[in-house]
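The first residue in the sequence is number 1, and the count goes up from there. Order of listing sets the numbers, starting from 1, for every ligand and every atom in it.
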Amino acid sequence: MKNWTHNKFTIHQFPELESTNSRAFQKAEAREISEFEIILADQQSAGRGRMSRDWFSPKGNLYFSMILQPRVEAHLIPQISFLGILALRLAVEKLTKNSVKNKWPNDLLINEKKVAGLLLESKFSHNICEFIVLGIGVNIDSSPEHAIFPADNLKNLGVEISPQKLLKNFLDEFEKIYQNWLDFGFENSRKLWLKGAFRLHETITVKTDEGKLEGIFENLDEEGNLLIKSGEKISKISAADIS
Ligand code: BTN
């Protein structure tokens with residue numbers, strides 16, 4: 001294991017872990033790691049995605065999980081995943097002229113293919129957030145061939161960057177966005193997120209636990225819900241997949 005720092009962040013880098021999110025969560029529960037510490041792995045043997053999916057994790061891509069401990073009310077916590085993917089979009093936009101979009105809730109697309117995803121996990125006691133684990137995986141060198149949503153990687157798009165450098169670029173963006181959120185709230189980031197939103201104001205189909213819903217992607221609300229308009233009705237979606 002190698003430890004290094006970047007600004008206020010401390011990075012614990014491992015050659016291989018099962019999952020950086022799992023390791024960060026265990027360490028935070030045991031109080032062995034605190035805010036702005038990051039678990040980074042060169043590869044994962046059991047990388048996890050949203051909805052209990054596996055996350056393709058061979059060597060060459062970026063896999064990390066950051067601990068955050070904001071002192072805010074529980075309903076504001078989902079906003080943090082939008083801050084994370086926004087920071088990643090801003091970092092990646094500086095590396096390519098291709099179209100970079102954030103796809104609700106927390107995927108990053110380049111030319112309509114998935115290049116990165118974010119998994120937020122948290123621990124609460126009563127209504128107080130003890131810690132958050134913000135995990136991000138970016139396909140730099142390779143991407144899965146048969147994914148639910150078509151995937152791509154940065155190398156294939158002509159971007160040459162190491163996982164460490166991309167992490168530093170992300171942290172430079174995230175530090176500013178997170179501080180702005182603590183000081184002034186979600187509005188600024190919400191607007192920036194919307195500027196790069198995939199399929200905004202277009203007809204989309206979302207798959208929720210209750211079934212499929214088709215409508216126009218109208219907006220993102222204060223709590224990170226997707227607002228979909230079908231006919232005169234606006235539906236608020238908190239967990240789903242856009243297809
Ligand atoms: C998704 O799009 O489904 C979210 C993918 C999140 C993957 C990252 S890789 C680093 C961290 N550790 C994990 O096991 N998962 C996240």
(request) Give the other cluster members for Ile39, using side-chain heavy-atom distances under 4.5 Å between Ile, Leu, Val, Met, Phe, Trp and Tyr residues; answer none if it is isolated. (result) Met1, Phe14, Leu17, Phe25, Ile33, Ile67, Phe131, Val133
(message) If you take the centroid of each ring, where Trp contributes its six-membered ring, are Phe64 and Phe170 closer together than 6.0 Å?
(response) yes
(message) Under a 4.0 Å threshold between the charged nitrogen and the carboxylate oxygen, would Arg53 count as salt-bridged to Asp241?
(response) yes
(request) Would you kindly say whether Gln13 and Asp42 are connected by a side-chain donor-acceptor distance under 3.5 Å? (result) yes
(request) Would you mind telling me which of Lys113, Glu112, Lys114 makes a side-chain contact (heavy atoms from CB on, under 4.5 Å) with Asp152? (result) Lys113
Find all protein N or O atoms under 3.5 angstrom from an N or O atom of ligand 1 and list the pairs with distances, or write 'none'.
| unit_1 | atom_1 | unit_2 | atom_2 | d |
| --- | --- | --- | --- | --- |
| ligand 1 | 2 (O) | Lys114 | NZ | 2.6 |
| ligand 1 | 3 (O) | Arg50 | N | 2.6 |
| ligand 1 | 12 (N) | Thr20 | OG1 | 3.0 |
| ligand 1 | 12 (N) | Asn21 | N | 3.4 |
| ligand 1 | 12 (N) | Gln44 | OE1 | 3.0 |
| ligand 1 | 14 (O) | Ser19 | OG | 2.7 |
| ligand 1 | 14 (O) | Arg48 | N | 2.8 |
| ligand 1 | 15 (N) | Arg48 | O | 2.7 |

(request) For the residue pair Trp55 and Gln44, confirm or rule out a side-chain donor-acceptor distance under 3.5 Å. (result) no
